[in-house]
Amino acid sequence: MARAYWLLKSEPDVFGYADLERVGTEPWNGVRNYQARNSLRAMKVGDQALFYHSNANPTGVAGVVKIVRAAYPDDLQFDASSPYHDPRSKAADPRWSMVDVAPLLAFPQVLTLGALRGLPAWAASPLTQKGTRLSVVPVTPPQFRAALKAAGVRLP
DNA sequence: GCCAACGTTGGC
DNA sequence: GCCAACGTTGGC
C-alpha cells in the first residue's frame, strides 16, 4: 500500500508545530467528528501529514509530521475531567480514535492558506472551500508535492 | 470579537 | 424521520 497523505489542524496557541518538536511524539487526541475520525482510522504508520495552524496569524501549514502509531482508542473520551469526555462512548466499543505523530520537517515559514488557495492542486480540497471545518483532511500526492514545492522544501 | 457555516442533539 | 435549536469551528 502506498503511503498516504493527510492534513492535521491544530491551534498553535494550544499545540503548535514547535510544541511537537519539543515533545517529540504526541497522541493526536480530541478529534470528535466522525469524518475526521474515519480519516484517523485510515492512517498507517509511515503516512505523512501537513501540520496546519488554524486560528493563527498566519494560518497555514507549519511543517510535516509522520504517523508513528496507527489508530487506537482516544483515552480522553473516558476521562470525565476532560473537555473531550464522551459519556456515551463504551470501553468495549470506543467511539473515538487517535494516532501518534512525530515531527518530520519544519517549514522555514508558514505556507499560508492564501498561498495554498493559489495552488491549482488545492482547489478541490475541503480545506480551501468555504464553510468546511474538517480537522483531519485527506491530501492527494499532487497536493502534497505542490505544498512542499511552494514552501521551498524537500523531505530528507 | 464577529459571524457564517456546519454537525449534532433531541422533541415530536 | 424531520428539523429547529444549539454549540462549535475557524477565517477574517
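Note on naming: letters A, B, ... go to the chains in the order of the sequence lines (proteins, then strands), and numbering restarts at 1 for each one.
Following rounding to the nearest Å, A:D13 (CG) and C:dG11 (P) show an atom-to-atom distance of 13 Å. Atom CZ in A:R95 sits roughly 7 Å away from atom P in B:dT9 (whole-Å rounding). Between the C1' atom of C:dT8 and the CD atom of A:E11 lies a distance of 11 Å, rounded to the nearest Å. In this structure, A:L134 places its CG atom 11 Å from C1' of B:dC6, rounding to the nearest Å. Atom-to-atom, OH of A:Y34 to C1' of B:dT9 comes out at 11 Å; the value is rounded to the nearest Å.
Closest approach of A:G30 to A:D74, counting heavy atoms only: N-OD2, 2.7 Å.
Between A:Y52 and the phosphate of C:dG11, there is a side-chain N or O to OP1/OP2 separation shorter than 4.0 Å. Contact check, A:K9 against C:dG10: a side-chain N or O comes under 4.0 Å of OP1 or OP2. In this model, the phosphate group of C:dT8 is not approached by any side-chain N or O of A:R32 to a distance below 4.0 Å at OP1 or OP2.
The 5' end of DNA chain B is approached more closely, in terms of each residue's nearest nucleotide, by A:N55 than by the other of A:N55 and A:R133.
Of the residues in residues 110-131 of chain A, those with a non-hydrogen atom less than 4.0 angstrom from any atom of DNA chain B are A:K130, A:G131.
In this structure, A:F144 has its ring center no closer than 6.0 Å to that of A:W122.
Formation of a donor-acceptor pair under 3.5 Å by the A:S82 side chain with backbone atoms of A:Y84 is found in this model. Put simply, the side chain of A:R3 gets close to the backbone of A:G46: a donor and an acceptor are under 3.5 Å apart. Checked by atom type and distance alone, the side chain of A:S97 never pairs as donor or acceptor with a backbone atom of A:R41 at under 3.5 Å.
Taking the side chain of A:N33 as heavy atoms from C-beta on, and the options B:dG7, B:dG10, C:dG11, the nearest nucleotide is B:dG7. Checking B:dT8, C:dG11, B:dC6 against the side-chain heavy atoms of A:T59 singles out C:dG11 as nearest.
Residues A:D47 and A:K44 are not paired through a salt bridge, judged by the lack of any N-O separation under 4.0 Å between the basic side chain and the carboxylate.
Between A:Y17 and A:F51, the ring-plane angle classifies as perpendicular under the 30° and 60° cut-offs.
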